[in-house]
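Notes for the one structure printed next.
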Number of protein chains: 2
Amino acid sequence: MIESDELLSIRAAELYYEEDKTQDEIGSILALTRWKVGRLLAQAKASGFIRIEIVHPRARRLPVERRLRETCGLADAIVVSTSGVDDQEELQSRTAQAAADYLATLRPVPRTLGISWGRTLDDVSRHLEDGWASGVDVVQINGGVSLNRRAGTAASTAVTIAQKAGGHATLLPSPAILERLETKRAIESDRAVAAVLDLASGADAYLFSAGTADATSVLVDSGYLTPDDVSELVRRGAVGDVVGRYVNSNGAIVDPRLDERTIGLPLESLRAAQLSIAVIAGAAKHAVARAVVGSGLCTVLVTDEETALHLIENHPTVQDSEDHA
Amino acid sequence: MIESDELLSIRAAELYYEEDKTQDEIGSILALTRWKVGRLLAQAKASGFIRIEIVHPRARRLPVERRLRETCGLADAIVVSTSGVDDQEELQSRTAQAAADYLATLRPVPRTLGISWGRTLDDVSRHLEDGWASGVDVVQINGGVSLNRRAGTAASTAVTIAQKAGGHATLLPSPAILERLETKRAIESDRAVAAVLDLASGADAYLFSAGTADATSVLVDSGYLTPDDVSELVRRGAVGDVVGRYVNSNGAIVDPRLDERTIGLPLESLRAAQLSIAVIAGAAKHAVARAVVGSGLCTVLVTDEETALHLIENHPTVQDSEDHA
DNA sequence: GCGTTCTTTGCTCATATGAGCACGCGCAGT
DNA sequence: ACTGCGCGTGCTCATATGAGCAAAGAACGC
């Protein structure tokens, strides 16, 4: 029964899916009633013999999204299909596209959107369509405009997103990390900076990415940290950075001294936010993604299938809550 | 239109196939009429965005079979799925299984079945179920019983197939290739041998495989030919052997002198047969498969998907008919 | 500007499919 | 043997889907 029924269900599936026969026709071919065929087909599906895949760069993985939402307690999850993706480039692009799509269809439309900056966010900004919303103001939530070697990327990301929505951008005129705590305090209390930070903390939604904790980080690239600094952070458990702040696998700040010199929205504000969207893709970022999701830094995650599955596997339900400072 | 419709059809497909929504539900989600959704879905399928695959060791590829039948003018074609097959072993086994299944469901049941011998055929015999038919007599169509190193494989193949069908086996008591033409003639005219050959030429159906033209061939393994002999044959265009006879890519005999010393059914008998089933699998046998199919040696081919696609690509419609002798 | 033609849209209707149910068969306990 | 239970089977009926069609709309030439 088990054996022969399995084979029959395969034959039925071949005729149904590959030959577009009706269940009735299959019935007469295999000498079965059409109800039996229906059950065989259901059985084949249930046993996982039928694999249906949607192959398209814009395809999403709804079942994975659901699982991700459920196991990680996210308000929403966007998972892009990873099938047939050869290079990281493509994967980044697909994810950014998905994030752009998500933003564009977001309801209610946020009046102010707080964003970080970096390669990923810039990618999102470029994938957004002109007129994706009307009148969304964009605020930077962490510093880093001027020092960035690829001058203006951070600024242009914000400006592009705002322009395409017919709103205007507010930049955070400050470095990402200051060398001395006093300088940081001084800058922070500067009226212009304080106003932006204030605006940022009141944003309706946040959109940010995360960086890996290695020498390829934008913070290294921009000269805020040396590769050695990063190595030391890694030694102390850093898995990546979120809006310029290095966190360990529990999502806790790795180096409070460094963090104190970092300008921008504190991570707690992200955690408290009604809507904070993280865009994280690629195998290199699995660890940060886990930290971000596990520690409640985002309510919505946009990612690739592989990363999503990784997160589900290692269900990032925080086991130990805090780390030693 | 093209752009937005494509995206919509992907969204619809996700909801339909991955979330098991009804077209009507999708309609209300995407703000479309259910007919539009239906069309979008049809479009997605037509554009090839929906890939349905049946993952099972016994799964076949009906559409490929159809194409193979049509482009190669075969009476029937059996193509096994190659998805997720790691090793050659598995592929051989799947193909043999399919051949066994095909034999078992063959109608009308042949009264006498002519078979060759070798690893593939032996595999088929082992996959046949006991009682796969009732009263099928089996005849060997080419020599090679005694000399074979793996003693008795050829004989056991025939006997197994016959036994499982409740019929009896007739072996061809002769080497595959004789060293001297006179010996061959003498053996051929021996009453016992002649009777078997006569029986063989009158079989209702033939089942055979093909070997590659290299040192791994069973003919080398059995000591009928030396690796050097084979190299020479290859130099002269041999792509493999069929029932002990080496053919070139047009399916023509490579070395008529050698062929004259080979005992067994001539290839012309296979070509003239009402029903001759070739079982050929594996990348190494693409060339022989092409020769067999292209020169009409079989009316039915059992093979793997990869080989089938190769045959379809290089549609083996015989371009030049005969080769120089 | 106007008619023509081709495409797209929303429909009706026939068909295909799935849910739920009652029957009958086989099996075990008494 | 009898009876109760469980399972697979084939059914009825509601629902989902696809074919075909007429009208609306867009694109084009005159």
Side-chain angles (χ1 to χ4, degrees), chain A residues 1-56 58-63 65-66 101 104-105 129-131, chain B residues 1-56 58-63 65-66 101 104-105 129-131:
Chain A
M1 179 268 293
I2 294 167
E3 168 68 25
S4 67
D5 255 20
E6 183 170 310
L7 190 52
L8 266 183
S9 72
I10 294 302
R11 296 282 156 260
E14 286 162 358
L15 293 164
Y16 192 71
Y17 292 106
E18 300 193 328
E19 296 287 83
D20 292 311
K21 304 257 183 226
T22 140
Q23 297 188 1
D24 219 355
E25 288 176 296
I26 298 171
S28 48
I29 293 171
L30 301 178
L32 300 164
T33 64
R34 82 187 164 70
W35 297 282
K36 178 76 181 168
V37 174
R39 278 171 193 135
L40 247 22
L41 250 18
Q43 194 182 312
K45 237 194 276 187
S47 317
F49 297 147
I50 316 296
R51 173 176 298 162
I52 300 183
E53 205 183 346
I54 301 170
V55 280
H56 191 281
R58 305 278 285 263
R60 281 165 51 184
R61 284 282 106 103
L62 267 24
E65 292 182 359
R66 179 202 303 286
D101 289 349
T105 57
E129 269 190 50
D130 233 345
Chain B
M1 178 268 288
I2 294 165
E3 167 69 25
S4 69
D5 255 21
E6 183 170 311
L7 190 53
L8 265 183
S9 73
I10 294 303
R11 296 282 157 259
E14 287 162 358
L15 293 163
Y16 192 72
Y17 292 106
E18 299 194 327
E19 297 287 83
D20 292 311
K21 304 258 183 228
T22 137
Q23 297 188 359
D24 218 356
E25 289 177 295
I26 298 171
S28 47
I29 292 171
L30 300 178
L32 300 164
T33 64
R34 85 188 190 346
W35 296 284
K36 178 77 180 168
V37 174
R39 278 170 193 138
L40 248 21
L41 250 19
Q43 195 182 312
K45 238 194 276 185
S47 317
F49 297 146
I50 315 297
R51 173 176 299 160
I52 300 184
E53 206 183 346
I54 301 170
V55 281
H56 192 281
R58 306 277 286 262
R60 281 164 52 184
R61 285 281 107 104
L62 267 23
E65 292 182 0
R66 178 203 303 286
D101 289 349
T105 57
E129 269 190 52
D130 233 344

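What you see is a predicted model; the values in this text were computed from it and never measured. Numbers restart at 1 for each chain; the letters A, B, ... are given by sequence-line order, proteins then strands.
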Under the side-chain contact (heavy atoms from CB on, under 4.5 Å) criterion, do Leu62(A) and Arg60(A) qualify, and how do the steps go?
-> CA-CA 6 Å; Leu62(A) 267 24; Arg60(A) 281 165 51 184; 4.1 Å; yes
Would you mind building the protein contact string for nucleotides 22-27 of chain C? One character per nucleotide, 5' to 3', B for base within reach (heavy atoms under 4.0 Å), S for sugar-phosphate only, - for untouched.
-> ------
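The heavy-atom pair separating Leu40(B) from Ser9(B) by the smallest distance is O-CB, 3.4 Å.
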Just list the side-chain donor-acceptor pairs under 3.5 Å for residues 48-55 of chain B, sequence neighbours left out, or say none.
none

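Across the protein-nucleic acid pair, Asp24(A) atom CG and dC11(D) atom P stand 11 Å apart, rounded to whole Å. Rounded to whole Å, atom P of dA16(C) lies 15 Å from atom CG of Leu41(A). Leu40(B) has its CG atom 15 Å from the C1' atom of dT17(D), to the nearest Å. The separation between Lys21(A) atom NZ and dT15(C) atom P is 18 Å, rounded to whole Å.
Contacts of residues 31-39 of chain A with DNA chain D (heavy atom under 4.0 Å): Thr33(A), Trp35(A), Lys36(A), Arg39(A). Residues from residues 11-20 of chain A lying near DNA chain D, meaning a heavy-atom separation below 4.0 Å, are absent.
Interatomic distance, Glu6(B) CD to Leu8(B) CG, rounded to the nearest 0.5 Å: 10.5 Å. Rounded to the nearest 0.5 angstrom, Lys21(A) NZ and Ile26(A) CD1 are separated by 8.5 Å. Leu15(A) CG to Thr22(A) OG1: the interatomic distance, rounded to the nearest 0.5 Å, is 11.0 Å. The CD atom of Gln23(A) sits 11.5 Å away from atom CG of Leu32(A), with the distance rounded to the nearest 0.5 Å.
Proximity of Gln23(B) to the phosphate of dT15(D): no side-chain N or O atom is located under 4.0 Å from OP1 or OP2.
Applying the salt bridge (Lys or Arg N to Asp or Glu O under 4.0 Å) test to pairs two or more places apart or on separate chains, those with a residue in residues 11-20 of chain A are Arg11(A)-Glu14(A), Glu18(A)-Arg61(B), Glu19(A)-Arg66(B). Counting only residues at least two apart or in different chains, salt bridge (Lys or Arg N to Asp or Glu O under 4.0 Å) contacts with residues 23-47 of chain B comprise Asp5(B)-Lys36(B).
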